[in-house]
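Worksheet: the structure to be examined is printed underneath.
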Amino acid sequence: DEIQEFSYAMIYLICSIGGTSRLGWVFAGDTAQMISPGCSFKFAGLKQTLLSLREGIEPHLKQVAHLLVNYRTTKDVLQLGNAVLAKAKEHFPGAIEFARREHAVNDFGLKVVLNDWESALAIKPSFGKDQALVYSFSKDTEDNLTSLKQWLGDHPFILSALDSKGLEFDDVVLAFDLDRASWKVDSQEPVALNMLRELYVAVTRAKRRVVILVKKRSDTMLKFFSSLEYDLDYHPDPKTLFGEFNECTSKEQWLQRANSLFEEERYL
């Protein structure tokens with residue numbers, strides 16, 4: 001899984017160790033989520049790597065299959081993810097391979113909303129074991145991270161977009177404080193592609209609800225979101241909004257969550 005995060009040399013080594021006699025390989029990945037530094041994966045490159053392992057195996061290589069039904073994420077969250085993906089394919093067609101719109105099975109009727117960053121940090125919400133904050137900063141990283149940790153206290157799930165990969169939560173708050181160039185996707189600059197990928201990863205961590213924090217000076221960010229094929233609502237009252245997040249999680253539930261992460265080798 002997450003094959004897009006592997007180098008071709010790593011894939012070659014793993015398949016060589018696993019054996020080439022039975023050709024029992026299954027690879028799953030999503031190039032829209034390729035945010036690890038230094039990754040440059042292509043499915044064509046994967047095919048060439050596999051062909052180099054053993055002569056005459058090309059007839060055994062299957063075509064790329066698309067998993068288009070999403071059983072985890074609710075409709076509105078998935079619609080936003082699809083909108084971000086469409087924007088990435090529009091401006092960076094060569095960078096996002098094989099990605100197609102997914103369809104959600106669940107619909108909780110919860111719209112993705114924008115909320116003022118400063119107003120949100122003025123209140124003290126309580127997050128449970130199935131709620132997370134996912135961030136990405138292009139500057140003032142330490143100051144931003146310190147303020148978010150002060151906001152949520154000792155909550156363990158304050159994660160960078162990269163650290164959030166592979167995890168899932170009921171609710172996710174996004175805190176993206178990026179340079180103006182990152183939001184100008186029509187410039188086709190690498191920083192804009194990286195933003196789109198990180199945003200896609202962050203949004204799709206949520207099963208139920210996403211809240212996006214926006215700073216007052218973030219006009220380019222707001223312009224980007226208004227250009228998406230999804231109508232984002234602005235929620236004016238963070239106290240009411242995050243009051244719905246307040247979740248009383250027992251010590252036993254936290255322990256169960258910690259044990260499950262440990263068993264999955266997700267060491268935060």
Side-chain angles (χ1 to χ4, degrees), residues 35-37 77 80 84 110-184 191-192 194-206 208-226 232-249 254 257-258 261 266-268:
I35 61 175
S36 295
V77 173
L80 178 59
V84 174
L110 294 170
K111 291 281 292 181
V112 178
V113 298
L114 303 170
N115 192 246
D116 180 68
W117 186 307
E118 288 78 10
S119 299
L121 266 62
I123 65 168
K124 286 291 182 182
S126 176
F127 280 20
K129 64 180 179 62
D130 294 310
Q131 296 167 325
L133 182 142
V134 180
Y135 66 84
S136 181
F137 309 132
S138 56
K139 60 182 180 180
D140 301 328
T141 300
E142 290 301 321
D143 290 343
N144 276 324
L145 195 52
T146 297
S147 67
L148 292 175
K149 288 182 176 180
Q150 289 175 345
W151 182 45
L152 295 181
D154 58 356
H155 187 65
F157 299 126
I158 301 175
L159 308 167
S160 69
L162 180 59
D163 289 337
S164 74
K165 277 183 61 63
L167 296 173
E168 60 181 49
F169 304 90
D170 287 346
D171 308 308
V172 172
V173 176
L174 270 57
F176 275 47
D177 189 15
L178 303 173
D179 291 333
R180 296 171 65 88
S182 299
W183 301 106
K184 295 181 178 180
V191 290
N194 188 63
M195 178 278 293
L196 288 165
R197 282 176 163 157
E198 287 195 341
L199 183 61
Y200 181 72
V201 168
V203 167
T204 54
R205 297 311 92 204
R208 184 174 63 183
R209 174 169 44 187
V210 169
V211 175
I212 303 171
L213 299 183
V214 181
K215 292 189 174 181
K216 290 184 174 68
R217 56 179 172 78
S218 302
D219 56 318
T220 50
M221 180 181 183
L222 290 171
K223 184 177 180 180
F224 165 79
F225 280 116
S226 66
L232 286 153
D233 293 336
Y234 181 81
H235 199 293
D237 184 7
K239 187 173 182 180
T240 302
L241 176 63
F242 290 105
E244 298 173 5
F245 272 56
N246 285 334
E247 191 171 294
C248 183
T249 307
W254 276 115
R257 178 70 157 149
L261 289 170
R266 298 291 305 191
Y267 309 125
L268 300 176

Within the side chain of Arg257, is there an N or O that forms a donor-acceptor pair under 3.5 Å with the backbone of Lys129?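 Yes, the answer is positive, given that a donor and an acceptor are paired below the 3.5 Å cut-off.
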N/O donor-acceptor pair under 3.5 Å between Glu198 side chain and Ser136 backbone: no
Which atom names give the shortest non-hydrogen contact between Pro238 and Ser119, and what distance separates them? CG-O, 3.7 Å
For residues Leu213 and Ala175, report the shortest heavy-atom separation together with the two atoms involved.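 Leu213 and Ala175 have their closest heavy atoms at CD1-CB, 4.4 Å.
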Begin with the C-alpha distance, continue with both residues' side-chain angles, and end with the deciding distance and a verdict on side chain to side chain contact (heavy atoms under 4.5 Å, CB included) for Leu152 and Val173. CA-CA 11 Å; Leu152 295 181; Val173 176; over 6 Å; no
Non-hydrogen side-chain atoms of [X] and [Y] separated by less than 4.5 Å:
X      : Y      : value
Leu80  : Thr204 : no
Tyr234 : Asp116 : yes
Gln131 : Arg208 : yes

Which residues pass the side-chain hydrogen bond (donor to acceptor under 3.5 Å, both in side chains) test with Asn144, sequence neighbours left out?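 Checked Asn144 against side-chain hydrogen bond (donor to acceptor under 3.5 Å, both in side chains); matches are Asp177, Lys215.
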Mind checking whether Phe127 and Phe157 have ring centres under 6.0 Å apart?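 Not close enough - the centres of the two rings lie 6.0 Å or further apart.
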Do the ring planes of Phe242 and Trp151 sit parallel (below 30°), tilted (30 to 60°) or perpendicular (above 60°)?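 Rings of Phe242 and Trp151: perpendicular, over 60°.
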Give the intermediate values and the outcome of side chain to side chain contact (heavy atoms under 4.5 Å, CB included) for residues Val211 and Asp171. CA-CA 8 Å; Val211 175; Asp171 308 308; over 6 Å; no
